[in-house]
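Scroll down for the structure; my scribbles are underneath it.
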2 protein chains.
Amino acid sequence: MFSKACEYGIKASIFIALNSLEHRRVGPKEISKEINSPEAFTAKILQALVRNNIVNSIKGAHGGFEIDKKDIKTIMLADIVNAIDGDNIYKGCGLGLQQCNADKPCPMHEKFKLVRAELKNLLESTDLESLALDIKLGESFLKN
Amino acid sequence: MFSKACEYGIKASIFIALNSLEHRRVGPKEISKEINSPEAFTAKILQALVRNNIVNSIKGAHGGFEIDKKDIKTIMLADIVNAIDGDNIYKGCGLGLQQCNADKPCPMHEKFKLVRAELKNLLESTDLESLALDIKLGESFLKN
DNA sequence: TGTAAAGAGGACAATTTTGTCCGAATTAAA
DNA sequence: TTTAATTCGGACAAAATTGTCCTCTTTACA
Ligand code: FES
Ligand code: FES
């Protein structure tokens, strides 16, 4: 469904948000440990999230990654997925036609667009704050 | 969403079904032309579909691929996807946790399982015959 | 029985994705 | 001002996916 990079990016963002709510910065080492991902690769993904203005990085001693507290409830999963995997998952044809076009649809189009819409709804209606709070309450987990 | 191999496998199956309904066998060359896929790679995928008893192959002169007419309406998209991509798309966690487990869910679990169920429903309720007939009626297309 | 038309299968190659490493730049604090 | 802790960026490496090619086997038919 999502690329590994995207999965790591989402989980990292949630973990950073969780910590930013308590004014703690976190680094790649702690993040990759908490989300069970390779550290160096995770660091690369964090760079991408920084470039896309989803997380902030503070260099130097006592640095790390954080998310502006006021932004945590407005950053949607869709923003993260878009930054890393692009928008093909929303807009692309399920059978890989060059473009999904209702006027010349693939055989799966009618049914597939429902799945895509459900996914789009999920991603566009879910913000980082709610996900972070679920973790905090022990109702969900970032690794198993 | 699906791998290229799976996309080609689905489209090839539909095209073979379409022809089998009219008692024509087709080969990799014609198939790859009709579904706009690389010929040799498509041939590899056809082998996999044969091994999984989804299509039959007849070797030798006048050979080619076909699907038993009586099977066309009982072969579901799910069978093809399963044969090529496995069942991760139905059962796997959206955030890549080793297993999707409602007792220790990832933060996306509650919403993601709806998307997955919608997809599962699509794949398990769609048979090759209906897809092939849509093509035949000019209501859908295998390339653009 | 010979030949041409097919699929099967293995080796290989290209590309993309995933992952690692290291030096440079930045910053806080001693 | 030095040092240690940190992110950044580029080069590199490994693995997975996608794609190609060639030979072998099978089969229909002249
Ligand atoms: S054309 Fe394939 S999903 Fe719309
Ligand atoms: S645990 Fe992630 S989708 Fe169920």
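Order of the sequence lines fixes the chain letters, A, B, ..., with proteins taken first and strands second; residue numbering starts at 1 for each chain. Since the structure is predicted, the reported quantities are computational estimates derived from the model, not experimental observations.
Rounded to an integer number of Å, the gap from B/R25 CZ to D/dA28 P is 8 Å. Rounded to whole angstrom, the span from the CG atom of B/L49 across to the C1' atom of C/dG9 amounts to 16 Å. Straight-line distance from the NZ atom of B/K29 to the P atom of C/dA4: 16 Å, rounded to whole Å. In this entry the distance linking CG of B/L46 with P of C/dA8 reads 8 Å, nearest Å. Between the P atom of D/dT7 and the CD1 atom of A/I45 lies a distance of 15 Å, rounded to the nearest Å. Note: CD1 (B/I84) to P (D/dG19) measures 13 Å, nearest angstrom. Atom CZ in A/R51 sits roughly 9 Å away from atom C1' in D/dC8 (whole-Å rounding).
Contact check, B/Q47 against C/dA8: no side-chain N or O comes under 4.0 Å of OP1 or OP2. Put simply, B/S57 has a side-chain N or O that comes within less than 4.0 Å of OP1 or OP2 on C/dA8.
Of all non-hydrogen atoms in A/P107 and B/I135, the two that sit nearest each other are CG-CD1, 3.7 Å. What you find for B/C6 and B/F2 is that their closest heavy atoms are CB-CB, 4.0 Å.
Remark: the backbone N or O of A/L131 is not paired with any side-chain donor or acceptor of A/D134 at under 3.5 angstrom. Between the side chain of A/D87 and the main chain of A/Y90, no donor-acceptor pair closer than 3.5 Å is present. Without hydrogens or angle criteria, B/D127 side chain to B/E129 main chain gives a donor-acceptor distance under 3.5 Å.
In the hydrophobic cluster analysis, where Ile, Leu, Val, Met, Phe, Trp and Tyr join through side-chain heavy atoms closer than 4.5 angstrom, B/M108 is grouped apart from B/L97. Residues A/V26 and A/I58 do not share a hydrophobic cluster, clusters being chains of Ile/Leu/Val/Met/Phe/Trp/Tyr side chains in contact below 4.5 Å.
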The contact string for nucleotides 11-24 of chain C, one letter per nucleotide 5' to 3', using protein heavy atoms under 4.0 Å with B, S and - for base, sugar-phosphate only and none, comes out as B------SBBB---

Per-nucleotide protein contact along nucleotides 1-6 of chain D, 5' to 3', at a 4.0 Å heavy-atom cut-off (B base, S sugar-phosphate only, - neither), is ----BB

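Residue pairs meeting the side-chain hydrogen bond (donor to acceptor under 3.5 Å, both in side chains) criterion with at least one partner in residues 6-20 of chain A, sequence neighbours excluded, are A/K4-A/E7, A/N19-A/R24. Identified under the side-chain hydrogen bond (donor to acceptor under 3.5 Å, both in side chains) test for residues 102-111 of chain A, with sequence neighbours left out: A/E110-A/K113, A/K111-B/S125, A/K111-B/T126.
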Mind listing the side-chain donor-acceptor pairs of residues 42-54 of chain A below 3.5 Å, one per line with the distance, residues two or more places apart or on another chain?
{"unit_1": "A/T42", "atom_1": "OG1", "unit_2": "A/S37", "atom_2": "OG", "d": "2.6"}
{"unit_1": "A/T42", "atom_1": "OG1", "unit_2": "A/P38", "atom_2": "O", "d": "2.5"}
{"unit_1": "A/N52", "atom_1": "ND2", "unit_2": "A/A48", "atom_2": "O", "d": "2.8"}

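When the shell of 6.0 Å around NZ of B/K143 is examined, it contains more than 12 heavy atoms from other residues, nucleotides or ligands.
Within a heavy-atom distance below 4.0 Å of DNA chain D, no residue of residues 87-98 of chain A is found.
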